[in-house]
Colleague: 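Mind looking over this structure? Questions follow.
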Amino acid sequence: MLAAFAAYQPAAALHVSGVLAVVTTGLYSGGMNPRISTPRTRLQAAGSWEMLTFLLNGLLFILIGLQLRTVGGPYGRKIPGS
């Protein structure tokens, strides 16, 4: 994350595309990943990302579910007994 910010700021100061600078930094970092980290670290990171993705998807599902009644407003069907 710090590398992306460090790539964006100089690009913005030079009035060039910050998005291209961040993408280029990401591609370069991704290519260097096998040389920077060990296979064990990459396996642990993959598991951590999967867990984080699962938790964020669950949180998003809950938040959307909580907003459905508000979004539906007067157009939502009333459930008998509620």
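None of the values given here were measured: they were computed from a predicted structure. All values below come from the heavy atoms of this structure, side chains included, with hydrogens, waters and symmetry mates left out.
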Colleague: Decide side chain to side chain contact (heavy atoms under 4.5 Å, CB included) for Leu52 and Ser48; before the verdict, give the C-alpha distance in whole Å, the side-chain angles of both, and the deciding distance to 0.1 Å.
Modeller: CA-CA 6 Å; Leu52 181 64; Ser48 298; over 6 Å; no
Colleague: For the CG atom of Leu66 and the CZ atom of Phe61, what is their distance to the nearest 0.5 Å?
Modeller: 10.5 Å
Colleague: Before you tell me yes or no, could you show the steps for Thr38 and Thr41 under side chain to side chain contact (heavy atoms under 4.5 Å, CB included), namely the whole-Å CA-CA distance, both residues' side-chain angles and the distance that decides it to 0.1 Å?
Modeller: CA-CA 5 Å; Thr38 64; Thr41 304; 2.8 Å; yes
Colleague: Using 0.5 Å steps for rounding, measure from the OG1 atom of Thr53 to the CE atom of Met51.
Modeller: 10.5 Å
Colleague: Which distance, rounded to the nearest 0.5 Å, do you find between the CG of Leu27 and the CG of Leu20?
Modeller: 10.5 Å
Colleague: Any chance you could measure Leu60, atom CG, to Leu55, atom CG, to the nearest 0.5 Å?
Modeller: 12.5 Å
Colleague: Compare every heavy atom of Ala11 with every heavy atom of Gly18, then report the nearest pair and how far apart it is.
Modeller: CA-CB, 3.8 Å
Colleague: Rounded to the nearest 0.5 Å, what's the gap from CG on Asn57 to CD1 on Ile62? Could you check?
Modeller: 11.0 Å
Colleague: Roughly how far apart are Leu56 CG and Trp49 CH2, rounded to 0.5 Å?
Modeller: 9.0 Å
